[in-house]
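This report concerns only the one structure given below.
Small disclaimer: the values here were computed from a predicted structure and weren't measured. Throughout, numbering of the chain's residues begins at 1 and tracks the sequence.
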Amino acid sequence: MYRALGKAFEDGEHEPGAADFYSGEMEMRRHADGIPRSERSLLTAYWALSGYGLRASRALAWLGVAMLLTIVLLMAVGPASDTPKQTATGTVPAGGGKVTFEINKDDPQNPTGNRFTGERFEKALNITLNSVVFRSSGQDLTTAGTYIEMT
């Protein structure tokens, strides 16, 4: 019934009224006895996180919470203590000839000492904002930091 009434409002180009019926339909589904517990849990999470997609402020607030959590976790274990430098080693044959180089880069090392500094906060904020806006920060991260960024 909610779906049919929502469709009628939508066809009549009264989107706010249709949205009310959509929200009511989702609430009825969430509280119905005949649906599986997994679907009810999913609907409850959908309601809590974004108000069934009708509450932009709620979804943005959760994005902010997720970003703050990411910043704290990255400050704790994410960025490497120092950016590993590339080193090139090679041999020059006597009398000229072909020169070969081998480029090595050390693995990022976990930080030691105080991890919650202004410098690490700035780096974690930069990584988080780049991840949210540009999808990848391109920073040298420890293994834990890489998985935090992906999550």
Report the hydrophobic cluster partners of L42, with the cluster defined as I, L, V, M, F, W, Y residues connected by side-chain heavy atoms closer than 4.5 angstrom, directly or transitively. none
Name all pairs fulfilling the salt bridge (Lys or Arg N to Asp or Glu O under 4.0 Å) condition that reach into residues 35-50, sequence neighbours left out, sorted by first residue then second. R29-E39
So, does R58 use its side chain to make a donor-acceptor pair with the main chain of W47 at under 3.5 Å? yes
Residues that N114 engages under side chain to side chain contact (heavy atoms under 4.5 Å, CB included), provided they are two or more places apart: F116, T117
Rounded to the nearest 0.5 angstrom, the CZ-CG distance for R120 and L125 is 13.5 Å
Validation: residues 61-76 side-chain donor-acceptor distances under 3.5 Å, sequence neighbours left out:
from : atom 1 : to  : atom 2 : distance (Å)
W62  : NE1    : A48 : O      : 3.2
T70  : OG1    : A66 : O      : 2.8

Say you draw a straight line from NZ of K123 to OG1 of T128; how long is it, rounded to the nearest 0.5 Å? 12.5 Å
